[in-house]
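Take a look at the structure set out below.
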Amino acid sequence: MSYDDHNIFAKILRGEIPSQTVKETEHTLAFKDIAPQAPHHVLVIPKGAYVTADDFAANASEAEIVDFWRTFGDIVAELGVAADGYRIISNAGRDGLQEVPHYHLHILAGRSMGPMLLKTD
Ligand code: 5GP
């Protein structure tokens with residue numbers, strides 16, 4: 001699986017297009033989704049060039065993986081949504097309908113998220 005460094009999140013990481021930063025660490029960037037699906041909709045991405053969750057799991061360093069998940073936990077704490085709950089989603093590839101081919105976690109919170117999936121066939 002090859003990484004396309006023209007994808008929109010690569011451009012955000014390079015500062016070529018703006019984003020609203022929520023948190024930045026050595027290996028991780030979190031920013032607001034441009035089209036929020038919930039009162040809180042944050043995207044968490046590694047700074048490294050990984051396409052999907054499985055690519056990240058297989059190829060990222062332990063430091064990157066720990067940094068990513070600690071950052072995720074810190075954001076949940078800072079949003080103050082742990083008590084009421086939230087949903088995390090990571091779309092991958094064709095069947096996952098991944099739009100941007102740079103690994104990212106959606107954090108959605110602030111309302112009931114409804115059923116886990118809508119049946120489309
Ligand atoms: P995916 O379908 O790949 O899981 O989700 C990609 C997400 O990226 C979508 O929720 C979409 O709204 C968001 N997105 C696409 N382009 C931009 C952008 O330029 N800036 C930000 N902040 N979010 C974007």
Side-chain angles (χ1 to χ4, degrees):
M1 125 186 34
S2 65
Y3 181 83
D4 170 13
D5 67 4
H6 297 298
N7 77 76
I8 201 102
F9 294 171
K11 292 179 181 173
I12 286 174
L13 284 167
R14 291 194 295 267
E16 293 169 8
I17 62 168
S19 66
Q20 285 184 272
T21 300
V22 171
K23 200 167 194 66
E24 182 168 10
T25 66
E26 183 181 1
H27 296 296
T28 307
L29 180 68
F31 53 92
K32 293 186 179 179
D33 195 291
I34 203 168
Q37 305 292 313
H40 298 291
H41 188 167
V42 177
L43 298 170
V44 188
I45 71 172
K47 291 183 175 176
Y50 304 102
V51 181
T52 57
D54 59 285
D55 183 20
F56 184 67
N59 297 310
S61 67
E62 290 185 15
E64 290 175 298
I65 292 170
V66 169
D67 185 83
F68 183 86
W69 286 104
R70 293 272 193 239
T71 301
F72 153 73
D74 289 346
I75 293 166
V76 168
E78 286 164 22
L79 291 175
V81 298
D84 286 342
Y86 57 87
R87 182 169 290 165
I88 57 175
I89 297 173
S90 185
N91 298 314
R94 183 198 62 191
D95 286 357
L97 297 184
Q98 181 178 10
E99 181 190 326
V100 180
H102 181 113
Y103 171 48
H104 52 281
L105 198 66
H106 297 256
I107 304 175
L108 296 147
R111 66 167 172 83
S112 171
M113 294 302 143
M116 188 164 66
L117 289 175
L118 289 178
K119 200 162 163 35
T120 55
D121 56 0

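Since the structure is predicted, the reported quantities are computational estimates derived from the model, not experimental observations. Keep in mind that the numbers below use all heavy atoms, side chains included, and drop hydrogens, waters and symmetry copies. We're numbering straight along the sequence, starting at 1.
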Quick check: is I89 connected to I45 through a chain of hydrophobic side chains (ILVMFWY, heavy atoms under 4.5 Å apart)?
no
Answer yes if the ring centres of F9 and H104 are under 6.0 angstrom apart, and no otherwise.
yes
Give the minimum heavy-atom separation between A30 and V42, together with the two atoms involved.
CB-CG1, 4.0 Å
Does T71 form a side chain to side chain contact (heavy atoms under 4.5 Å, CB included) with H27? I'd like the steps, not just the answer.
CA-CA 9 Å; T71 301; H27 296 296; over 6 Å; no
Taking the six-membered ring for Trp, are F56 and Y50 ring centroids under 6.0 Å apart?
yes
P39 and G110: which non-hydrogen atoms are nearest, and at how many Å?
CG-O, 3.5 Å
ILVMFWY cluster, V44 and V81 together (side-chain gap under 4.5 Å)
yes
To the nearest 0.5 angstrom, please state how far the NZ atom of K47 sits from the CD atom of E64.
11.0 Å
Are I65 and V76 connected, step by step, through hydrophobic side chains (Ile, Leu, Val, Met, Phe, Trp, Tyr) whose heavy atoms are closer than 4.5 Å?
yes
Atom OG in S19, atom CG in L29: separation rounded to 0.5 Å?
5.5 Å
Are K32 and V22 close enough, and set up right, to give a side chain to side chain contact (heavy atoms under 4.5 Å, CB included), and what steps lead you there?
CA-CA 7 Å; K32 293 186 179 179; V22 171; 3.9 Å; yes
To the nearest 0.5 Å, what is the distance between CD1 on I88 and CG on L108?
10.0 Å
For the residue pair D33 and H41, confirm or rule out a side-chain donor-acceptor distance under 3.5 Å.
yes
Can you measure from CG (L79) to NZ (K23) and round to the nearest 0.5 angstrom?
10.0 Å
Report, as yes or no, whether the 6.0 Å neighbourhood of atom CD on E16 holds more than 12 heavy atoms from other residues, nucleotides or ligands.
yes
Which atom names give the shortest non-hydrogen contact between G85 and A109, and what distance separates them?
O-CB, 4.0 Å
Q98 versus V51, closest heavy-atom pair with distance:
NE2-O, 2.9 Å
Quick one: are I107 and F72 in side-chain contact, heavy atoms under 4.5 Å?
yes
Output the distance between atom CG (L13) and atom CD1 (I8), rounded to the nearest 0.5 Å.
11.5 Å
Do side-chain atoms of R111 reach the backbone of Q37 as a donor and acceptor pair under 3.5 angstrom?
yes
Is the shortest heavy-atom distance from the side chain of P46 to the side chain of H102 under 4.5 Å?
yes
Separation of D74 CG from T28 OG1 (nearest 0.5 Å):
10.0 Å
Compare all side-chain heavy atoms of D55 with those of Y3 and state whether any distance is below 4.5 angstrom.
no
Closest non-hydrogen contact found for T52 with G93 is CG2-N, 4.4 Å
